[in-house]
Amino acid sequence: MKHKYLKGLVLAALLGLATPAISGVSAAEATSSTLAPISLGYGIVASSDAIETKVSPDTIAIKPQLVSTVMTTVDNKTVNLPAGVTVFDLKRMMTPMGMVDGTKFISAKELNAEYVKDIRDMASKKELNIKELKDFNGTIYRDWNLYQLRGEDAEGVHTAYVVDLALGPDYIKGERANLEISNALWDAADKSVANAKKSVINSRDGVQERDSMKFAKTAAIAAAYMSQVSNTGDSKDQLGHTWQVVRDLGDELTKQQEAMLAPYPAEYDANAFYAAMVKGTEAVPVMRDAASFNQFVDKHKNNLVKALVADLDKAAGELKTQAETNERAKEKLELNRSLRDGLKKIFATSDIKADYLDQMEQLNSIFGPVLYSQAREVFTFDSYEIPLGGLNLVRFDKEGPVITVLTTNDGDFNYWQKQWQRMYGLEPQVRAFDADTKNAAIPAKTSTTHMRALGHDGNIVVPRDLTVKKLSDTVIVPTLWKFLEKDTKESIARGPEFRDWVTDKLLVGDERLDSIKRYEMQKERLQYFEDYRLGEKTDVYQWQMKDSEGRKTATVFGLVLTPQTTKGYSTMLQKDLIDLQLPVLNSYWMQGDGRLENNVLGATIFSGISDYAYTSVTIKDQTPWALLPHYTHPAYMASARVFVNANGFELPYYLQGAVVLTQPNPVAYVMLTSDLERDEFAPRFVQFIQEL
């Protein structure tokens, strides 16, 4: 349903686009030439301001038209941006036919109609039958905007993403209706769990529930599914612990939502809603206090994993006897154990933590009174971090609430807090973030001082302020890798398929030849698993650190350069030969004729849109490939700032690469981080390479 698309778009802006690896998105017209070149002790600094290159066969390029120094709000007010800051309109795009407005495809009017229809449909279901909501009506959504902000100063390029959402005067009515239906769904789910294997599965009746209503029903279905996996009775018996934890969480969330909505009057009034929102957030500590939020997450996360393990262990106990004589039961027992161990590790390496939350406070702005709050959080999944900072403004106009949310990398938070202050003229002055304030809940990191790395037999020392996570030590990717490798081996062992898998007829002619080709491709794939074995010949590291500015991350890719992965060229990587070829290599690397930029652009996600969008790559502040002055093994390194642009939408990266002549095979490393974080990670990358 279309309102789901809006939520997905918002989520993409807040989470997907804000990840450190792609955190820099900026305007094409904003120049970086004023930045000082990076001075690192390992090489010669040589700035190369490459020309912008449009990769398009069309000679009439569509120039960037969506970048401005003035931001237009969702209700058509204007915000003049501070010096050095520009805005890019993310909800619009350029095509050969001109500008296309995304709101025409996901209009607020349609979103509102879907919202109202969902509530009516759910209220009319026989298992709910909520009479007072069968004719629900109201204005929930008015309009929405999505922007990217780009700023630049001496430290580098700063980026942030802004969601501007205009709600209608009946938004709280909609939330209360939503809550009533959610409670009714929980009651229906309780009844379903009483006979989960039959009733819960049958409850999947095709109703298009609203996203915020779906959790209760989905939880019951999940309980039944887990019971099917175990195949040891109904879910109330076998997953009683898990269901109770899920139900307890639902009860607590319901109480929080009820407390948050309680202060609001029945009818919309701008002044009353200011006071109601403050009281509502005060009534829910997890919304305004980092310690309370973290305790809430820890409590339910720990309870859930304990319940899952207990229920799976109970199921495993009942399968053990059957597994002694039944091969199918043995397979189920192995699956049960894999689920249990995997869940324990996933929960242990995944988390949501708030470093800082604060209570909403009413300030004056260029638009009159607003409610202001801020948050700094880190999402961890399978050991990898996404650290985010957020700034929130809420104003209640006569037409309804307007909610504006800015999300950025946590390391960029301080910069955007200052710009937010200037943009909206917030008074009194927003106090600067203080990591030592009593409301901050920032646990000290346990630094990794030793680690195993590709190209080195033992452990190496890494900077003490870094925490290093390896892809080969995570849960999901290595598990998938092993599964795919095992499946490929089994398929190869069976040989080529000479019969049609549907009709069982013998394959002849081209079909037989195609089957043989697929078999040969499987053998090549199996060789790929060997040549690029994760943890032995390839790996991906996330470097995590926290300083006074916030949490920061960099991604480091490693590859052992074997004769197989380099088609024999790795044998030529000898110090004397490389030293001889460095001038030729650097003549290409440092050139300004655009060939390197074109190659970089061709490797990006923007390469496919260059026929109808203005695309460019600018490479700045390159350092030539040079031998590190101090090393364990000879190591050559270079770096560059890379700005990839499409119609003003820009990804600013910092790249630092190294080739280390370890034995018996050299190893290559590439570090990728945001342009802003380069000064923190560049010297640490040098130290890392020197240890190899």
Kindly give the heavy-atom pair with the smallest separation between [X] and [Y], and that separation in Å.
X	Y	value
V468	Y541	CG1-CD2, 4.0 Å
K134	A123	CE-O, 3.8 Å
M671	V556	CG-CG2, 3.8 Å
Y372	L391	OH-CD2, 3.4 Å
K353	D351	CE-OD2, 3.0 Å
I119	A177	CD1-CB, 3.9 Å

Side chain [X], main chain [Y], donor-acceptor under 3.5 Å:
X	Y	answer
D311	H241	yes
D487	F483	no
T488	L484	yes
T408	F413	no
Y115	G174	yes
Q244	A307	no
N336	L312	yes
K344	V305	no
K301	S350	yes
S472	D539	no

Is the shortest side-chain N to carboxylate O distance from [X] to [Y] below 4.0 Å?
X	Y	answer
E385	K546	no
E680	K552	yes
K306	D313	no
K125	D121	no
E334	R337	no

Derivation and outcome, side chain to side chain contact (heavy atoms under 4.5 Å, CB included), residues L185 and M122: CA-CA 9 Å; L185 279 171; M122 290 300 296; 3.9 Å; yes
Do [X] and [Y] have side chains that get closer than 4.5 Å, going by heavy atoms?
X	Y	result
E132	E180	yes
V278	Q359	yes
I346	I476	yes
T380	K469	no
R176	I172	yes
E485	L526	yes
F293	V284	no
E252	H300	yes

[atom1]-[atom2] distance between [X] and [Y], expressed to the nearest 0.5 angstrom:
X	Y	atom1	atom2	value
W144	I403	CH2	CD1	15.5 Å
L471	F557	CG	CZ	9.5 Å
T555	L672	OG1	CG	6.0 Å
R551	D355	CZ	CG	4.0 Å
T474	W481	OG1	CH2	11.5 Å
Q374	W416	CD	CH2	15.5 Å

Parallel, tilted or perpendicular, as decided by the 30° and 60° cut-offs, for the rings of W243 and W186: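 Because their plane-to-plane angle lies in the 30° to 60° range, the rings of W186 and W243 count as tilted.
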Geometric class of the F273/Y264 ring pair [parallel <30°, tilted 30-60°, perpendicular >60°]: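 Taking F273 first and then Y264, their aromatic rings stand perpendicular (interplane angle over 60°).
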Side-chain donor-acceptor contact under 3.5 Å, Q522 with S491: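 A donor-acceptor contact under 3.5 Å links the two side chains.
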Side-chain H-bond candidate by donor/acceptor type, D358 with S373, under 3.5 Å: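 The criterion, which ignores hydrogens and geometry beyond distance, is not satisfied for S373 and D358.
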Stepwise salt bridge (charged side-chain N to carboxylate O under 4.0 Å, His left out) test for R328 and E331: CA-CA 5 Å; R328 179 62 176 156; E331 292 177 3; 3.3 Å; yes
Residue list, ring pair (Phe, Tyr, Trp, His ring centres under 6.0 Å) with W543, at least two apart or on another chain: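 By the ring pair (Phe, Tyr, Trp, His ring centres under 6.0 Å) rule, W543 matches F688.
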N326 atom CG: more than 12 heavy-atom contacts under 6.0 Å: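 It does: N326 CG has more than 12 such atoms within range.
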Heavy-atom neighbours of K320 NZ exceed 12 at 6.0 Å: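 For K320, atom NZ is not crowded (no more than 12 foreign heavy atoms under 6.0 Å).
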Evaluation steps, side chain to side chain contact (heavy atoms under 4.5 Å, CB included), between Y384 and V540: CA-CA 11 Å; Y384 278 52; V540 183; 4.2 Å; yes
Test side chain to side chain contact (heavy atoms under 4.5 Å, CB included) applied to R120 and N137, step by step: CA-CA 9 Å; R120 289 178 173 178; N137 205 354; 3.9 Å; yes
Stepwise side chain to side chain contact (heavy atoms under 4.5 Å, CB included) check, L388 with D410: CA-CA 4 Å; L388 301 174; D410 188 53; 5.9 Å; no
